[in-house]
Number of protein chains: 2
Amino acid sequence: MNRKTQTRDPELTRARILDAAEELFVEQGFSAVKLSELARAAEVTKSLIHHHFGSKEQLWEAVKNRAFERYFQAQMAMFEEAGEPDALLLRRSVEAYFHFLRDNPGVVRLFAWTHLEGDNHCSDLDNQLVGAGAEWIRQTQRRGLLRSDVNPTHVIAVFVMTCTQWFEAKCHHQHWPDMGSDEAFLEDFMKIFMEGVTPRK
Amino acid sequence: MNRKTQTRDPELTRARILDAAEELFVEQGFSAVKLSELARAAEVTKSLIHHHFGSKEQLWEAVKNRAFERYFQAQMAMFEEAGEPDALLLRRSVEAYFHFLRDNPGVVRLFAWTHLEGDNHCSDLDNQLVGAGAEWIRQTQRRGLLRSDVNPTHVIAVFVMTCTQWFEAKCHHQHWPDMGSDEAFLEDFMKIFMEGVTPRK
DNA sequence: GCGCTAACTGGCCGACCGGTCAATTGCCTT
DNA sequence: AAGGCAATTGACCGGTCGGCCAGTTAGCGC
């Protein structure tokens with residue numbers, strides 16, 4: 001079963017289409033992408049796209065599903081290799097999330113497009129993730145290592161939204177006067193955030 | 001010069017087109033909007049759109065310019081009626097910004113679309129705004145009322161991005177387990193943020 | 001080998017896209 | 001009163017969009 005010598009390979013064809021589609025959708029959004037352009041990029045005929053995915057909309061869904069699955073798997077993996085729920089774990093999680101977004105700019109843009117569409121079909125997986133994270137924070141609060149007068153879900157929301165927006169709108173605020181690099185910003189954000197969630201006597 | 005009895009009123013026509021265009025662009029983004037649909041919504045002919053704005057792209061620019069000018073004027077007005085630079089001013093500014101975004105969802109979406117386009121043509125006005133805000137924070141830091149080991153621009157970035165993303169991705173986070181209302185989230189965010197920027201002995 | 005299925009092709013389609021243009025009409029100036 | 005000009009109209013354009021379909025061909029089970 002050598003794929004190099006085969007003239008037909010539906011799996012590979014599907015993958016080629018998905019890859020090219022993801023690149024174009026991430027770059028331009030759903031409606032700006034033309035199937036002819038996509039066909040050229042994926043080196044397949046337009047008809048083949050319809051054969052494998054049905055329609056442009058269905059292809060868009062497939063692209064989003066694949067990307068989000070990758071995202072959730074990466075996040076879940078992060079969860080599994082974590083240790084005791086304490087402040088350091090929270091700090092490390094935020095940093096890991098920030099760096100994940102930095103290294104996966106496509107995911108950030110895909111999220112942004114789907115948000116603008118009002119799409120929330122990925123909420124099942126997402127709720128799982130957020131629920132697990134919130135539970136950790138709750139445990140850390142109970143152990144007295146984080147302040148208890150804030151909703152754990154809101155704590156997650158604050159750092160997720162800051163990280164997301166940092167990369168989503170980078171083209172915008174990177175020109176702000178005195179704005180620092182990714183790492184400089186993360187450092188200052190961590191100072192503010194960790195200080196903000198630390199319990200007071 | 002009664003506009004009601006006039007059969008022609010270019011100013012009003014322009015405004016009608018701009019209004020309808022803003023609504024559609026905000027909703028669907030640039031490329032998804034069709035001029036025919038827009039013409040119907042604005043109750044003008046398609047040719048009239050071209051007569052007044054030249055092309056779809058130029059109309060998009062005009063819509064963005066008008067909206068952003070409104071945005072900057074609102075922000076600048078907020079600046080002018082402010083008092084002494086202290087922590088309370090910062091708190092009030094964040095709350096005002098949050099509520100402004102809540103009351104102007106179109107602006108949030110317009111920002112999001114332009115970010116995805118990589119458009120940063122509004123940076124002049126924006127830099128002014130951020131520069132002025134950062135200067136305030138710097139003064140407050142000098143007076144010992146805010147911690148001094150963080151970049152003032154980053155402080156602004158943190159709350160601007162959190163507020164922006166809250167409304168931009170609302171369709172997404174609002175279904176997270178235990179997620180609170182706008183006000184409940186703002187309250188928790190303010191707790192974390194203000195505690196995070198308060199100086200320590 | 002043989003035949004069935006699915007992968008794949010090229011040509012085609014109607015719809016409709018953004019944009020143009022010549023002609024008409026209302027308003028302002030003088 | 002008239003002339004000029006911008007506002008406005010509707011017919012029209014070439015291009016291309018997403019999608020379809022009849023036909024061809026490769027691979028796989030029998």
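Lettering of chains follows the sequences in order, A, B, ..., and the numbering in each one begins at 1.
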*Listed by chain and number, what are the side chain to side chain donor-acceptor pair (under 3.5 Å) partners of B:Glu95, not counting sequence neighbours?*
none
Starting at [atom1] of [X] and ending at [atom2] of [N], how long is that distance when rounded to a whole Å?
{"X": "A:Glu43", "N": "C:dG10", "atom1": "CD", "atom2": "P", "result": "14 Å"}
{"X": "A:Lys34", "N": "D:dG19", "atom1": "NZ", "atom2": "C1'", "result": "16 Å"}
{"X": "A:Leu35", "N": "C:dC13", "atom1": "CG", "atom2": "C1'", "result": "15 Å"}
{"X": "A:Ile49", "N": "C:dT9", "atom1": "CD1", "atom2": "P", "result": "11 Å"}
{"X": "B:Arg14", "N": "D:dT8", "atom1": "CZ", "atom2": "C1'", "result": "15 Å"}
{"X": "A:His50", "N": "D:dC21", "atom1": "NE2", "atom2": "P", "result": "12 Å"}

*Taking the six-membered ring for Trp, are B:Phe189 and B:Phe185 parallel (under 30°), tilted (30 to 60°) or perpendicular (over 60°)?*
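Judged by the thresholds at 30° and 60°, the geometry between B:Phe189 and B:Phe185 is parallel.
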*Between B:Trp166 and A:His154, how do the two ring planes meet: parallel, tilted or perpendicular, split at 30° and 60°?*
perpendicular
_Between B:Phe30 and B:Trp113, ring centroids under 6.0 Å_ =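 Distance test on ring centres: not under 6.0 Å, no.
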When you check the phosphate oxygens OP1 and OP2 of [N], does a side-chain N or O of [X] lie under 4.0 Å from one of them?
{"X": "B:Thr7", "N": "C:dT25", "value": "no"}
{"X": "A:Ser47", "N": "D:dG19", "value": "no"}
{"X": "A:His51", "N": "C:dC8", "value": "no"}
{"X": "B:Thr13", "N": "D:dT8", "value": "yes"}
{"X": "A:Ser36", "N": "D:dC17", "value": "yes"}

_Which residues pass the ring-ring contact (aromatic ring centres under 6.0 Å, His included) test with A:Tyr71, not counting sequence neighbours?_
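With sequence neighbours excluded, A:Tyr71 shows a ring-ring contact (aromatic ring centres under 6.0 Å, His included) to A:Phe100, A:Phe111, given in chain and number order.
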Any N or O donor-acceptor pair linking the side chain of [X] to the base of [N] at under 3.5 Å?
{"X": "A:Lys46", "N": "D:dG19", "value": "yes"}
{"X": "A:Thr45", "N": "C:dG10", "value": "no"}
{"X": "B:Lys56", "N": "C:dG19", "value": "no"}
{"X": "B:Ser55", "N": "C:dG19", "value": "no"}

_Both A:Arg8 and A:Glu57 contact DNA chain D. Which one's nearest nucleotide lies toward the 5' end?_
A:Glu57
_5' precedence on DNA chain D between A:Phe30 and B:Pro10 (nearest-nucleotide basis)_ =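 Going by which nucleotide is closer to the 5' end, it is B:Pro10.
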